[in-house]
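Comments concern the structure below.
The first residue in the sequence is number 1, and the count goes up from there. Here the structure is a predicted model, which is why all the values come from computation and not from measurement.
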Amino acid sequence: YYTEQKFNVYYAILVFLIVEGLLYLTFRTIIKHLKDQVTRQTAKLTEQKKHLQEDKIKYQNLAESINQGYFLYTYDIDETFTYVSPSVTEILGYTEDEFLTNKYSYLAKKADILAVNKKTKRALKGEKLESYEIEIFNKEGRLRYLLLTETPIFNDREQVVKVEGIAQDITQLRQDRLLLKLRGQIFEMLYKACSVTEILETLVLSLEEIIEDMRCSILLLDHKTGRLHLGAAPNLPYFYSEAIDGLKIGPDVGSCGAAAYTAKRMIVEDVYTHPNWQDFLELVQQASFRACWSEPIISSEAKVLGTLAMYYDEAIQPDDFDLHLISSVADMVAIIIETTHSAAVIKETEMHMEQVLHRCHDGVFGLDLQGNTTFINPAAAKKLGYSADELEHQKNHYLLHHSRADGSKIDFKDCNMNAAYIQDEDIYIKDEVLWRKDGSSFPVEYWSTPIRKNGETIGAVVIFHDLSE
């Protein structure tokens, strides 16, 4: 019995040792497997971290290299800006820190603040929004226009962690678009033989819409007396308009008197301190004007016809946008004055309309109710590679506007240029192409405006701008 018991004990010990050994080996295998797995996972995470860091550096380098009208930004789920690219300073004048700490204070309108708030919340819910425009003040207090495109960024649990955006400065694009529309209005008024006063007033009101914080005047020069007389100033105070009507020109006479006398642009940032304005201080203080920029209106024969002036309530210098605008509009005023002055009835005198068309740098052509080209200016013919004779009296659509950029056809009945006289309304298009004689195309934006005679629509005038230039 004793021997049997002893055997059982030895047997139990042996079994225990075998089980322990197996458990040890199993545990060691599991530990080794886990260790290998952790090593691989760590290496993978390290590699991912390296790639993320490289991507971050690439993104920052890309963002910091962007300075041609764009800046990048990021905000988190608390709607707080966390990043903005350095190019914000080039576009708006603010440093990165200034922009990051003031999210809504730069927006120009309360409606913009509400709209941006709504779009921000939608983006943070994961919605992919259409690009949208906002008005914003730059550091100098001037209005600028931005096109925002925002993309929500998700983590691996499909939760939004931030929103990345790109802002494009479209101030110049907006300005050119509105100028293009204005040219269309002016050409229609010239064709209808509207009075010069009516045309100039329309131009001034349109210019004040383009630059919302400015008031404008056009003065016409009487060369016999050397005095400036009111052409159009619908939003200047009556007492001010009355005071400057008949102003004698001279090198030290305000902004307009000096501009007309020297035939050179006269920029006065602060009328309170400029010597040219000392005799008019009481007048400008009463009118609450602080800055006045004046551009001489020069004829095709280099003769001063008058002045175009912009008034501001604060001391301010023009930027490149302002100088481009004031120069473009002054040239337009010269066309109006020369054309209306040299013809008693513009509709009956083709020569003067040709002068207008020759001076316009954008492409201009007319259409009748069948879509035939009735006239075309040299700039348009040159851009399209045709002579005027090749296009006049031809179906415009089948030569210039038959296809989209991708080559897909546009039916005559779907042509937006023809829609102006069919629907009897202004048509603005910014994303189509025109086709040259050699078969190549170029991107354009254009206005197609109905032409009316005796109350009836008789065709359309199309003004296009080559976006590739």
(request) With sequence neighbours excluded, tell me which residues meet side chain to side chain donor-acceptor pair (under 3.5 Å) with Lys430. (result) none
Per-pair distances, 0.1 Å, donor-acceptor, side chain in residues 176-183, under 3.5 Å, sequence neighbours excluded:
from   : atom 1 : to     : atom 2 : distance (Å)
Asp176 : OD1    : Gln172 : NE2    : 3.1
Asp176 : OD1    : His324 : NE2    : 3.2
Arg177 : NE     : Tyr428 : OH     : 3.0
Arg183 : NH1    : Asp362 : OD2    : 2.9

(request) Check ring-ring contact (aromatic ring centres under 6.0 Å, His included) between Phe365 and all other residues, then give those that pass, not counting sequence neighbours. (result) none
(message) Using the side chain to side chain contact (heavy atoms under 4.5 Å, CB included) criterion, which residues pair with Tyr238? Sequence neighbours excluded.
(response) Glu242
(request) Could you list the residues that satisfy side chain to side chain donor-acceptor pair (under 3.5 Å) with Lys437, not counting sequence neighbours? (result) Glu390
(request) Return the set of residues passing side chain to side chain donor-acceptor pair (under 3.5 Å) with Glu295 (not counting sequence neighbours), or none when no residue passes. (result) Arg265
(message) The criterion is side chain to side chain contact (heavy atoms under 4.5 Å, CB included); which residues satisfy it with His223, sequence neighbours excluded?
(response) Leu221, Lys303
(request) Hey, could you give me each pair passing side-chain hydrogen bond (donor to acceptor under 3.5 Å, both in side chains) that has a residue in residues 282-293? Not counting sequence neighbours. (result) Asp270-Arg290
(message) Going by the rule side chain to side chain donor-acceptor pair (under 3.5 Å), which residues pair with Asp213 if we only count those two or more places apart in sequence or in a different chain?
(response) none
For residues 243-257, dump all side-chain donor-acceptor pairs below 3.5 Å to protein atoms at least two apart in sequence or in another chain.
from   : atom 1 : to     : atom 2 : distance (Å)
Asp245 : OD1    : His229 : ND1    : 3.3
Asp245 : OD1    : Leu230 : N      : 3.0
Lys248 : NZ     : Thr225 : O      : 2.8
Ser255 : OG     : Trp277 : NE1    : 3.1
Ser255 : OG     : Cys292 : O      : 3.1

(request) Tell me, please, which residues at least two apart from Gln317 pass side chain to side chain contact (heavy atoms under 4.5 Å, CB included). (result) Glu269
(request) Can you tell me which residue pairs pass the salt bridge (charged side-chain N to carboxylate O under 4.0 Å, His left out) test with a partner in residues 393-405, sequence neighbours excluded? (result) none
